[in-house]
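Worksheet: the structure to be examined is printed underneath.
As the structure is a computational prediction, the values presented were derived from the model and not from experiment.
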Amino acid sequence: MSESKADDALLRAGGIARRSAKTDPATTGELVAIPFQHPALEGRTVVRLVEGSLDAAVDAEMSALGFAPSGEKTAVGRTRKRALGFPAWALVNHPTKARFALEVMREFRKAATRVSTKPGHAKDAFAEIAKTLERSVPEFMPSYWEEVGRVFLTEEATNLAAQCFEKARAAERAYKLPVDEDLRAAAYLEFTAAGAVPAKSLSGYASDLVAAFGPKEAERRFLELNLQRIKAGIAPWTGMAKELAKLSKAAGRGAEAETAFLAEVLASPSLKKAPPDFWASYRTALVRLAGESDEAKRRVLWLFPEPRGFEKFLPSWLDLLEEIGAVEAVTASGEAPRFASALTRFVTYAEGWGDRETPLSPKYFALLEALAPALAKLGEPLDLASFQRWGDEGVYSPDVLETALELGLALAPPKGEGPSISLGDFFSKDPVRLSEHPDYGKLLTQAVGLRFGRADFEACAKGKKGLVAARRSHLMSVVARLDEGALPSLKNSLETLTESTSAATFAEFPEAAAAIEKVDVGRALARSLRGGIIDELSWPDYEAALAALSGPKAEVEIHGTRQNPLVRAGRKVIVFEGSARKKELDLPAIAREPSHIVYLDGDLLLGFYDAKEHKEQGLWASRAKTPFPFDMRLHGTPDAAAVPGGGVTTGEQVVQSGDTPEKLRWKDFVTDGATFWHRHGSWNERMKLVEFDPATGEVRARVVARLRARGIGEDRPLRAHRGGADAARRSRGLAPRRAGRPRRAVREARREGRRRRGHPHRPEDVAR
């Protein structure tokens, strides 16, 4: 980024640019440091940083507060211009009433501190202050509400800032206050550059300017305001072009005004979101400007705006590209391949989520056909992705790809690890060539599998020879699964067939109906019985303990670790060791509603909320009268392993009965009984084990890559300890689960669903 662009970006963000920075003098000025002294602050100097055009007002403000200048003013940088704020405006313009402004500043600052955390409460507080001022000094209201708006702008609460700006203008009208148009223009410029001036207010401001200055000066001021707004990154507002045209006509200016305005704003990125009426109003001027300037033509070619109402807007923009000679321009510059890629992304843009229900514009295919000779001559493989999902995975339109192949154009390989063809969109071409393509043909088959049986897809697919083989392959694969798994798999496959097929489907593919008749349901039943069913499993000690507990069984809770699961009912806790019952304990009375209970190092550790102290507390059962501040996070059924020398580890530091740690966390770990390792890895790298010291919880420097090379696992078998819900699933014995935890089949089904939809796995799935 160049220094000038960096300075502009810094100023737009509210920062301070270099003194030597070349910035727009209409919106920026020197930042001046002004030193002051006060009799009550002997030997100390107060320095105010202020934009240069306000230095006289700041002098007056500080003088009213008893400060006197104590040195020369020094320019230290450049900053955005802003209007005189509150209470400075009151001190300068109404010094005899300024005490009303000063009296509310304590409450004002208090409300301002709440904007970042509780903006709604802050808004209410500001409204109460406004009521106080309104009763005594209504003439202060415009300045006051502008200052409130600035407070919201510092926290980027643009909508609230816009509301405050509107209240300032409403106060001017309600109390028929005299207006300094230069000061109001500065406020408009300040707030509009931050995107905090509603379109309705801008439209009304045009009429105010005409009444105050006449048509010529009004047009100049309003034009400058909108220029700065667009350059600040704010898209033109609906109706702006009509207001400017009205002012230009009244000022006696015509087409040259439109052309000059477009030349100023055409480079602004904010035009990408300009409303359709902007382009409709300036269409003639845009064509004229593109004809007069090659630079302007290039900017129009590569702009590709995406306004609301994009589908209705698109044909007119494609007509514009044709009218200004887009094909000839990109052919002459050698940029036809890049333009074809950008044009494809542009025409397949969708404003919302969901599948496209209408065909792509015929004008796009006409432009692609016109570009074909230049593209074929260059011989560069084309990237015709509609858009990229997850950063690098391409999504492709079947009609676009089939058209390119019809034109004899080479296609670049699909992007990313999980590219896809979007058959959810409306498509009309028979993808005969696409189905035979070595790369995209495979994607087409995958896409058919995801959309098979859906009404919209079947309607588009009807009669298309390029999809017959893929549809047959998918249908036969579903039928084949009927005879591969146990009863749950059979049930799922039958549901899939029921939902995605009809009599017409089997009339089209009679071989599928014949294959279904050969399916033997008995084989699926036999696989289920051989694998075992959940009713065959039991835990006698747990069931006996549950039966012995008094009170409603609905209140029974499961806690603890995998090594020592716990059952709680009321004040009673039964501790298990593995699957055998170990002991029965009573909960200390102080922990009325414990959120977490674990059995560590031979003692019961509880986490609970102390309503009296208003904080989370911890408590050992053996020390029932000495709670301590404690934060315990327990998810699922975690692990805790004994550490040589005493105590246990939960994957981090050692814990012994009686310890009072500030917090306790669970983390996946592996141990051979003497050494401990964390699992380390992310979704895009292989899992590895990192040794940690259970005494401190700190990771040691060496990374274990090959444990077997050290003989570990031969005489000292490794045991994986997993925190969270996975621990219970990987337990050798049947540990109690929390109600509602997803079973393995559910998790596997979710992972399969993500894979089929093209979604990346979770990090832990890849690590496995």
*Excluding sequence neighbours, so at least two apart, what forms salt bridge (charged side-chain N to carboxylate O under 4.0 Å, His left out) with R338?*
E335
_Criterion side-chain contact (heavy atoms from CB on, under 4.5 Å) on V265 and L227, from CA distance to verdict_ = CA-CA 7 Å; V265 302; L227 279 173; 3.3 Å; yes
_Salt-bridge criterion met for R253 and E258 (N-O under 4.0 Å)_ = no
*Looking just at side-chain N and O atoms, do E166 and S201 make a donor-acceptor pair shorter than 3.5 Å?*
yes
_Under 3.5 Å: donor-acceptor pair, side chain of S595, backbone of G607_ = yes
*asked:* Do F67 and I34 make a side-chain contact, defined as non-hydrogen atoms from C-beta onward lying under 4.5 Å apart?
replied: no
_H614 side-chain N/O to A611 backbone N/O, donor-acceptor pair under 3.5 Å_ = yes
*Cation over ring face, R221 and F213, 6.0 Å, 45°*: yes
*Taking atom types as modelled, find out whether Y364 and T344 have a side-chain donor-acceptor pair closer than 3.5 angstrom.*
yes
*Supply the atom-to-atom distance F222 CZ to M240 CE, rounded to the nearest 0.5 angstrom.*
8.5 Å
*What is the minimum heavy-atom distance between F191 and E146, and which atoms define it?*
CZ-O, 3.3 Å
_Check whether S293 reaches the backbone of L289 with its side chain - one donor and one acceptor, N or O, closer than 3.5 Å._
no
_Within the 4.5 Å heavy-atom criterion, are D631 and R665 side-chain neighbours or not?_
yes
*Please answer whether the main-chain N or O of A40 pairs with a side-chain N or O of H38 as donor and acceptor at a distance below 3.5 Å.*
yes
_Non-hydrogen side-chain atoms of K97 and E139 separated by less than 4.5 Å_ = yes
*Check whether any side-chain N or O of T113 sits under 3.5 Å from a backbone N or O of K110 as a donor-acceptor pair, and report yes or no.*
yes
*Going by atom types alone, do R229 and T192 pair a side-chain donor with an acceptor below 3.5 Å?*
yes
_Residues that R114 engages under salt bridge (charged side-chain N to carboxylate O under 4.0 Å, His left out), provided they are two or more places apart_ = none
*Are any non-hydrogen side-chain atoms of L247 and P215 less than 4.5 angstrom apart?*
no
*Give every residue pair that meets the side chain to side chain donor-acceptor pair (under 3.5 Å) criterion with at least one member in residues 170-179, sequence neighbours excluded.*
E134-Y175, R169-E172, E172-R184
*asked:* Under the criterion side-chain contact (heavy atoms from CB on, under 4.5 Å), I'd like the reasoning laid out for E30 against R78: C-alpha separation, chi angles, the key distance, then a yes or no.
replied: CA-CA 4 Å; E30 279 192 329; R78 295 193 69 80; 3.8 Å; yes
*Got a sec: does the CZ of R18 have more than 12 other heavy atoms crowding it under 6.0 Å?*
yes
_Would L202 and Y188 count as a side-chain contact (heavy atoms from CB on, under 4.5 Å) here? Give the steps._
CA-CA 9 Å; L202 287 169; Y188 260 98; 4.2 Å; yes
*Does W145 have any side-chain hydrogen bond (donor to acceptor under 3.5 Å, both in side chains) partners at least two apart in sequence or in another chain, and if so, which?*
none
*asked:* Over 60° means perpendicular and under 30° means parallel, so tell me whether F313 and F310 are parallel, tilted or perpendicular.
replied: tilted
*asked:* If you count heavy atoms of other groups shown closer than 6.0 angstrom to CD of E217, is the number above 12?
replied: yes
What pairs of donor and acceptor atoms, side-chain ones from residues 123-131 against any protein atom, are under 3.5 angstrom apart with sequence neighbours left out?
from	atom 1	to	atom 2	distance (Å)
K123	NZ	Q163	OE1	3.0
E128	OE2	K131	NZ	3.4

*Take atom NZ in K272; do more than 12 heavy atoms of anything else shown fall under 6.0 Å from it?*
yes
_Polar side-chain atom of T79 near backbone of E51 as donor-acceptor pair, under 3.5 Å_ = no
*Looking at CE of M141 and CG of L133, how far apart are the two atoms once the value is rounded to the nearest 0.5 Å?*
6.0 Å
*Could you tell me how the ring of F304 sits relative to the ring of F339: parallel (under 30°), tilted (30 to 60°) or perpendicular (over 60°)?*
tilted
*Evaluate the criterion side-chain contact (heavy atoms from CB on, under 4.5 Å) for residue pair L209 and E181; output intermediate values, then yes/no.*
CA-CA 8 Å; L209 287 175; E181 286 296 342; 4.3 Å; yes
*Non-hydrogen side-chain atoms of L343 and L318 separated by less than 4.5 Å*: yes
*Is the backbone of T348 close enough, under 3.5 Å, to the side chain of R356 for a donor and an acceptor to pair up by distance?*
yes
_Shortest non-hydrogen contact from D383 toward S341_ = O-OG, 2.6 Å
*So do the side chains of L225 and Y205 get within less than 4.5 Å of each other, counting heavy atoms only?*
yes
*Validation row: K615, P629 side chains within 4.5 angstrom (heavy atoms)*: yes
*For E243, enumerate each residue passing the salt bridge (charged side-chain N to carboxylate O under 4.0 Å, His left out) test, keeping only those at least two apart in sequence or located in another chain.*
K246
_Heavy-atom side-chain contact between P236 and N226 under 4.5 Å_ = no
_For the CZ atom of R345 and the OG atom of S386, what is their distance to the nearest 0.5 Å?_
10.0 Å
_Rounded at 0.5 Å granularity, tell me how far OG in S281 sits from CG in L244._
9.5 Å
*Measure across A101 and A90 and return the closest heavy-atom pair with its distance rounded to 0.1 Å.*
CB-CB, 3.9 Å
*asked:* Measuring from atom OG1 of T154 to atom CZ of F152, what distance do you get when rounded to the nearest 0.5 angstrom?
replied: 9.0 Å
*Which heavy-atom pair separates G77 from I16 by the least distance, and what is that distance?*
CA-CG2, 4.2 Å
*When you look at E295 and R298, which way does the salt bridge (charged side-chain N to carboxylate O under 4.0 Å, His left out) test go after all the steps?*
CA-CA 5 Å; E295 177 62 23; R298 180 175 177 79; 5.6 Å; no
*How are the rings of F86 and F108 set to each other: parallel, tilted or perpendicular (split at 30° and 60°)?*
tilted
*asked:* I need the minimum non-hydrogen distance between L320 and V300, along with the two atoms involved.
replied: CD2-CG1, 4.3 Å
*Indicate whether the side chain of S116 and that of E155 have a donor and an acceptor atom separated by less than 3.5 Å.*
no
*How close do F346 and L314 get, heavy atom to heavy atom, and via which atoms?*
CE2-CD1, 3.4 Å
*Supply the atom-to-atom distance S361 OG to W317 CH2, rounded to the nearest 0.5 angstrom.*
14.5 Å
